[in-house]
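Structure first, commentary second.
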Protein chains: 4
Amino acid sequence: MVRKLLKEKKREEIVKVASRLFSERGFYNTTIPDIAEAVGMSVGNFYNYFESKEDLAKYIMQYSSSILGEEIRKISQMDVSTKEKVFLIVRRFIEIAQERPELIDYFLRIFLSNREVFSEGCEGFLCVGEVVTELMLFLEEGARKGDFRQQDFFPAFVTIMGPLGGLVFLKGEGILPKNPIEYANEIGENIWRALKSDEKV
Amino acid sequence: MVRKLLKEKKREEIVKVASRLFSERGFYNTTIPDIAEAVGMSVGNFYNYFESKEDLAKYIMQYSSSILGEEIRKISQMDVSTKEKVFLIVRRFIEIAQERPELIDYFLRIFLSNREVFSEGCEGFLCVGEVVTELMLFLEEGARKGDFRQQDFFPAFVTIMGPLGGLVFLKGEGILPKNPIEYANEIGENIWRALKSDEKV
Amino acid sequence: MVRKLLKEKKREEIVKVASRLFSERGFYNTTIPDIAEAVGMSVGNFYNYFESKEDLAKYIMQYSSSILGEEIRKISQMDVSTKEKVFLIVRRFIEIAQERPELIDYFLRIFLSNREVFSEGCEGFLCVGEVVTELMLFLEEGARKGDFRQQDFFPAFVTIMGPLGGLVFLKGEGILPKNPIEYANEIGENIWRALKSDEKV
Amino acid sequence: MVRKLLKEKKREEIVKVASRLFSERGFYNTTIPDIAEAVGMSVGNFYNYFESKEDLAKYIMQYSSSILGEEIRKISQMDVSTKEKVFLIVRRFIEIAQERPELIDYFLRIFLSNREVFSEGCEGFLCVGEVVTELMLFLEEGARKGDFRQQDFFPAFVTIMGPLGGLVFLKGEGILPKNPIEYANEIGENIWRALKSDEKV
DNA sequence: TATGAATGAGTTTTCATTCAT
DNA sequence: GATGAATGAAAACTCATTCAT
């Protein structure tokens, strides 16, 4: 019992350290010894927790996705207007990118660009399922209420996630002149205008 | 003279093959022998054309960016409405992603995710300078004409490039149910609505 | 007392499982965790019963040899003709190879081919002493009685054990078209003819 | 042209060194760096000649088998009596075991005992095909001439190869009191008596 | 006795780059 | 310019053994 829990704790620790290293240096420039050292464990012991480097990468992806998905769901279920929710999602996404940059950066850097790592058992959307699911529900509800124009899921999806990902990317590049959160309102406004139905303000 | 030209031709050939391989397999999963073989030259000879693998990667990045920038500039200078231009840019971007997928995929996969490769001499925006410059000019002109709302460059930039990058990503994942070009209008509409000033239709 | 016995029981259990695994997968492809798991004990506990992997290997060798030696002795002491004994030994050897394949396979695969494992304390014939001793006695008695031609021990030894080992090897390769026991008579006949003195039939 | 030949020469060199090391130390106790160093080349370069350690092992097996098969064929085609041929094969086998011990030892130690290495593409008899084929032809011809008793191939095969393998094994164990060749006649006699038809002397 | 997490040296294999030809 | 064999550092992963509990 206790052992199981301890093992789970250790896994989380590895995940935290590794997602940071991966998003800082890239997947292929982070070695298992790097991770082990940063966690303070031996290389061999690492393999008691994850079967392989790929296994770890997939686990992190799903872990990140479930956290992000959870955040979106929380907002989605609030008792506020759809417009308000759009702004909240944008703001929350940017906050997380600052509080736990590895979560989002990992997605951008590792998942987006090292797809070969995720083949088999965690391809494409499977890996980020929770984020997608929650956004889909949010978009559908907004459309049902008449707040969003009727449109295909995919254009709407990229209209939300694209600008957010882009902003985080620019943040990572270190070229944003202001604190990212200061762009939250403008981006929220853009996304809302992009999706809202014509009657809405 | 002639030699210079021949050398340039060979470089282009390498660039074409390499950008395809890089975007198919990822930067770290494409070896110099792979590239040399695909081009039909020897490994040693490759190094007569590019100093290193990184050197090649940077060159490709700038090459792609100059082509994309050129396409944006062409549209930007057309004698059509700003709204029309937004739709044209979206459409052209998606077309290029289909005609020469390596150009866009390379950007998404290699640049976005393997930033460590591009440090020194080609950091961040430097590498994609032309696309950024052209979009900046386009946005400024649109705002000056009163077609776009006044806003910071960066939110506007990600509002255009984010959805486009996102769509290409989804295309790469093979999960789009329709041909990407069929989403062009919806995405163009979203972007236009996101950016246009209130008087515009 | 009781403790000693329990310990011996557990050792036998380990020996049984390990000899099977070793002969199935080879010495170097069988890990201590593999053995421990198959026995249903922990890795650490394994080391309460055997000092090392090599220690275990040597123990198994001697264990197998003592069982085989015992079988030969039984036959050797029967009240039947020398010719009959040759046929019985052949038959018994093949039977054991079928009933307890690990015993013989272990000898063929592990001892024959991983001699380096057995250096120090169990070299060569020391390890298989009992089989050798019993065969030596059997051959001497046969010669004394005038049933076998007079000859050096070693040629005679390999003339008996060689074909038997060869047959088991072929069985392990899965290429024998018939059940091994069906070759017993032919092989017995060959061995008997090879060794018998000229007066015998 | 020349390059191809040089490459083949180097492969042979590797094969010679590696088969010696393998048969001295065992397959799993010989590392690629060991082999590379003994050949006088770098580790990386080794992989320009063989795809993997297994690949090398299989190659050596077939190489050895073709040499042994060739020797058997030479004797098989001589214009001497079948009895004489049996004695010549025994003698030649023992000679080779002394002149080029790695050839035979390799078979005994590596092939016999590390079968897992040879799975896929070189299983069992496939790998030693030439020896088997030549012996089969020899046995058939002898039976046709009426020199050998009629019997199944497999018992006859192990009756020849078993004692020979056994002798080499004992030689490797360092326990033979005499030079192996001195046992040639006795073993030849045993094998001949084992197989010959009753009319023969 | 029993457990299994922890260790770390050791293994195979890869690959950017060089350089003699 | 062109070739491809050669280099060697570095990577992922393994596993016998130990030891705190």
Side-chain angles (χ1 to χ4, degrees), chain A residues 2-4 6-7 9-11 27-37 39-56, chain B residues 3 6-7 10 27-37 39-57, chain C residues 3 6-7 10 27-37 39-57, chain D residues 2-4 6-7 10 27-37 39-56:
Chain A
V2 171
R3 276 208 165 150
K4 273 270 165 71
L6 277 177
K7 194 146 189 174
K9 263 243 153 0
K10 199 91 167 185
R11 274 173 76 93
F27 181 72
Y28 291 106
N29 286 301
T30 305
T31 70
I32 300 296
D34 286 346
I35 295 170
E37 193 187 21
V39 175
M41 80 200 312
S42 70
V43 171
N45 201 20
F46 168 88
Y47 285 90
N48 286 326
Y49 294 90
F50 290 95
E51 276 187 5
S52 67
K53 201 181 172 184
E54 278 199 13
D55 186 36
L56 170 62
Chain B
R3 280 213 163 152
L6 277 177
K7 187 148 190 172
K10 199 85 166 187
F27 181 72
Y28 290 103
N29 286 303
T30 305
T31 69
I32 299 296
D34 286 346
I35 296 170
E37 194 190 22
V39 174
M41 79 200 311
S42 72
V43 173
N45 200 19
F46 168 89
Y47 283 89
N48 288 323
Y49 295 91
F50 289 96
E51 272 186 7
S52 68
K53 199 182 174 184
E54 280 200 10
D55 187 36
L56 170 63
Chain C
R3 278 211 165 153
L6 276 177
K7 188 147 189 170
K10 199 85 165 187
F27 181 72
Y28 290 104
N29 286 304
T30 306
T31 70
I32 298 297
D34 286 345
I35 296 170
E37 194 189 21
V39 174
M41 80 198 313
S42 72
V43 172
N45 201 19
F46 168 89
Y47 283 89
N48 288 323
Y49 295 91
F50 289 96
E51 272 187 8
S52 68
K53 199 181 175 186
E54 280 199 11
D55 187 35
L56 169 63
Chain D
V2 171
R3 275 208 165 149
K4 275 269 165 74
L6 278 178
K7 193 145 189 174
K10 199 91 168 189
F27 180 73
Y28 290 105
N29 286 304
T30 305
T31 69
I32 300 296
D34 287 345
I35 295 170
E37 194 187 20
V39 174
M41 80 199 312
S42 69
V43 170
N45 200 21
F46 167 88
Y47 284 90
N48 285 327
Y49 294 90
F50 289 96
E51 276 186 5
S52 68
K53 200 182 172 184
E54 277 200 14
D55 187 35
L56 170 63

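This one's a predicted model, so the numbers in the text were calculated from it and none came from an experiment. Naming: A, B, ... by sequence-line order, numbering from 1 per chain.
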Roughly, in whole Å, what's the span from CG in B:Asn48 to P in F:dG1?
7 Å

Could you tell me how far apart C:Asp55 (CG) and F:dA16 (P) are, to the nearest whole angstrom?
14 Å

Distance-minimising heavy-atom pair for C:Phe27 and C:Ala57
CE1-CB, 3.7 Å

Counting primed atoms, P, OP1 and OP2 as sugar-phosphate and everything else as base, the B/S/- map of nucleotides 10-17 of chain E against protein heavy atoms under 4.0 Å is -SSBBBSB

What does C:Phe50 touch in the nucleic acid at a heavy-atom separation under 4.0 angstrom: a base, only the sugar-phosphate, or nothing?
nothing

Paired nucleotide for F:dA20 [Watson-Crick or G-U wobble; both distances under 3.5 Å]:
E:dT3

Between atom NZ in D:Lys10 and atom P in F:dG4, what is the gap in whole Å?
17 Å

To the nearest 0.5 Å, what is the distance between OH (A:Tyr49) and CD1 (A:Ile35)?
15.0 Å

Using side-chain heavy atoms (C-beta onward) and a distance below 4.5 Å, is D:Leu56 in contact with D:Phe46?
yes

Can you give me the closest heavy-atom contact between A:Ile32 and A:Tyr47, atom names plus distance?
CG1-OH, 3.5 Å

Within the pair D:Lys7 and F:dG4, is there a side-chain N or O less than 4.0 Å away from OP1 or OP2?
no

Keeping the roles fixed (side chain from C:Lys53, backbone from C:Thr31), state whether a donor-acceptor pair exists under 3.5 Å.
no

For the pair C:Asn45 (side chain) and C:Met41 (backbone), establish whether a donor and an acceptor sit closer than 3.5 Å, ignoring hydrogens and angles.
no

